[in-house]
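Just so you know, residue 1 is the first one in the sequence shown, and it goes up from there. Predicted model only: the values in this text are computed from it and were never measured.
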Amino acid sequence: MLHPFLRKGRPAARSPEARLAEANGLAEAISLDVALSETVPMARVVPATYIGGGAVERMAGIIAAEAISLVVVDTQLSPIQQRNLERAWACKVIDRTGLILEIFGERARTAEGQMQVELAHLTYQRSRLVRSWTHLERQRGGVGFLGGPGETQIELDRRLIGDRITRLRKDLEEVRRTRGLHREARARVPYPVVALVGYTNSGKSTLFNRLTAGGVLAKDMLFATLDPTMRSLDLPSGRKVILSDTVGFVSDLPHELVAAFRATLEEVKAADVIVHVRDIAGIDSDAQKADVEVVLREMELDERVESGLIEALNKIDLLDSDRQGRLVEDTAGRDTLVPVSAVTGAGTDALLARIDARLAESRIVLGLSIPLSDGATLAWVYRKGEVLDRHDDEELAHLTVRLDAADIGRIDPRLRTS
């Protein structure tokens, strides 16, 4: 595992050591045995090999001595750079994009997820089909990168890949249309959607399970879950919402994945409330927050980011008492910040109350006069809305209620007084 970085001009948000540790975590997420990992300082990027000739030669000796079969370079390599490094080191070389795609390939469980990953793989591979890569042995069937000998050879025909990409895009467009129909059906119910987003391994799935008992795989592992999951959830006001657990983000998320997972990520765009789950105990919490917001902005959610997402500051159970105390003081009175522990449940009641309050902001206050004999309508109003005031006379119940716009449209206009 190598993480090359420029001595000058590198953003200070995340240290090379932290990036290397994350890259090791990505490798371990698919059970790779990391024999060696190090950062490689560079004065400039070398067009042919990315890292300098001296580093390439030094690593060649180590790779040969240790019989290393795979090198992961934690950056984005051009096809030529990848090919030249493979020739110099006589082993398979993949970059950060290839590693993340491989993880997604192993984690996809639903047919939709598998199609999205295959599309991302093929889009990435198409630019790297170089027939001079004859020193490569063979790869496993499908679209992975790490297969061994005795399986499908890498020399895929570009036209066949293009045809497959076209077919996958059509299939995913159908998935996108179906998801849109599902969203329309939910809008008619209607249940608001609350989407959990966050950096991978921030504890989204653990929090999702804590709030809904959803049974989603939750492990201390990067990209432990991939396919989105939805469950119903009752808020303190009694209002029912749909909680959505989405795929975790990561810095330098391959654009192939962002494009391929458009259908899934549109669930985030359509959400009524977005909760950003952060690992507040991590040393790179602020940098991870920035990375998540970059992806959200790429999804054209700038306005939502600027207006302030609800931030669930997770893993407070990993903080010592002093840091917990300071965090509570710093977030007191701030509507967008909620310290929580998905493991212990601390702060989750406050988080649900904050979601409830955010949803209430979009509701409309109006007056209703409902016959006391119309018990069904009265019960519906209490179930769907928030009754702010009520006084009765001999025939009518005069209510001041807060309701969603969609629910207001269902009320007989003759009952409205304002």
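Here L36 contributes atom CG and M59 contributes atom CE; the two are 5.0 Å apart, rounded to the nearest 0.5 Å. Separation of atoms CD (Q324) and CG (L318) is listed at 9.5 Å; rounding is to 0.5 Å.
Using a 4.0 Å cut-off between charged side-chain N and carboxylate O, E329 and R326 make no salt bridge. A salt bridge links D286 with R278: the distance from a Lys NZ or Arg NE/NH1/NH2 to an Asp or Glu carboxylate oxygen falls below 4.0 Å. Using a 4.0 Å cut-off between charged side-chain N and carboxylate O, R96 and E22 make a salt bridge. Contact check on R297 versus E306 returns a salt bridge, with a Lys/Arg side-chain nitrogen under 4.0 Å from an Asp/Glu carboxylate oxygen.
Closest approach of G347 and V338 over heavy atoms only: O-CG1, 3.9 Å.
Here the rule is salt bridge (Lys or Arg N to Asp or Glu O under 4.0 Å) with D234, and of R383, R239, K240 only K240 fits it. For the side-chain hydrogen bond (donor to acceptor under 3.5 Å, both in side chains) criterion with E311, the lone passing option out of H276, K289, R354 is K289. None of D412, I370, I411 except one satisfies the side chain to side chain contact (heavy atoms under 4.5 Å, CB included) rule with T377; the exception is I370.
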Take E173 and K170, measure what salt bridge (charged side-chain N to carboxylate O under 4.0 Å, His left out) needs, and give me the verdict at the end.
CA-CA 5 Å; E173 190 61 32; K170 288 181 179 178; over 6 Å; no
Between I355 and V241, is the side chain to side chain contact (heavy atoms under 4.5 Å, CB included) condition met? List the steps.
CA-CA 10 Å; I355 294 172; V241 299; 5.6 Å; no
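The neighbour count for E300 CD, taken as heavy atoms of other residues, nucleotides or ligands under 6.0 Å away, does not exceed 12.
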